[in-house]
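Since the structure is predicted, the reported quantities are computational estimates derived from the model, not experimental observations.
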Amino acid sequence: APGEVSPQVLTCLRWAIVCVALAATARGRVAAEWPVLIRHWPRILLMGGCGFTAFASLFYAAGAYTSAVNLALLQGAVPVFVILINV
């Protein structure tokens, strides 16, 4: 789809499918935790915006300046970075 579909559209569609699947399977758990979620909605919105929108946009923008191999290495290293930062 290069040149035909925006990378942001592909990412958005990918996550939309995941959200629909999670909504179907985790509906009861979300309903049970709804009071906690409502109390912390600004924080959840900020984390979602940074984690999804900013990262995906910057990641695809970086693709214009580096090779696919570098992008794949970076994307593959993200879980390791998350674990190291959390430790």
Student: Do Leu45 and Trp41 come within less than 4.5 Å of each other through their side chains, counting heavy atoms only?
Tutor: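 They are in contact (side-chain heavy atoms under 4.5 Å apart), so the answer is yes.
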
Student: Quick one: CG on Leu22 to CH2 on Trp15, what's the gap to the nearest 0.5 Å?
Tutor: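 The CH2 atom of Trp15 is 8.5 Å from CG of Leu22, to the nearest 0.5 Å.
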
Student: Taking the side chain as every heavy atom from C-beta outward, state whether Arg39 and Val36 have any atom pair closer than 4.5 Å.
Tutor: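 Yes; the side chains approach each other to less than 4.5 Å.
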
Student: Spell out, yes or no, whether Ile44 and Val30 are grouped together once hydrophobic residues are joined by side-chain heavy atoms under 4.5 Å, including indirect joins.
Tutor: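 Cluster IDs for Ile44 and Val30 match.
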
Student: Can you find a pair of side-chain heavy atoms, one from Asn86 and one from Val82, that are under 4.5 Å apart?
Tutor: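 Yes - at least one pair of side-chain heavy atoms lies under 4.5 Å apart.
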
Student: CG/Leu58 to SG/Cys50 distance, rounded to the nearest 0.5 angstrom?
Tutor: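 It comes to 10.0 Å.
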
Student: Are Leu71 and Phe81 grouped together when hydrophobic residues (ILVMFWY) are joined by side-chain heavy atoms under 4.5 angstrom apart?
Tutor: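 Leu71 clusters together with Phe81.
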
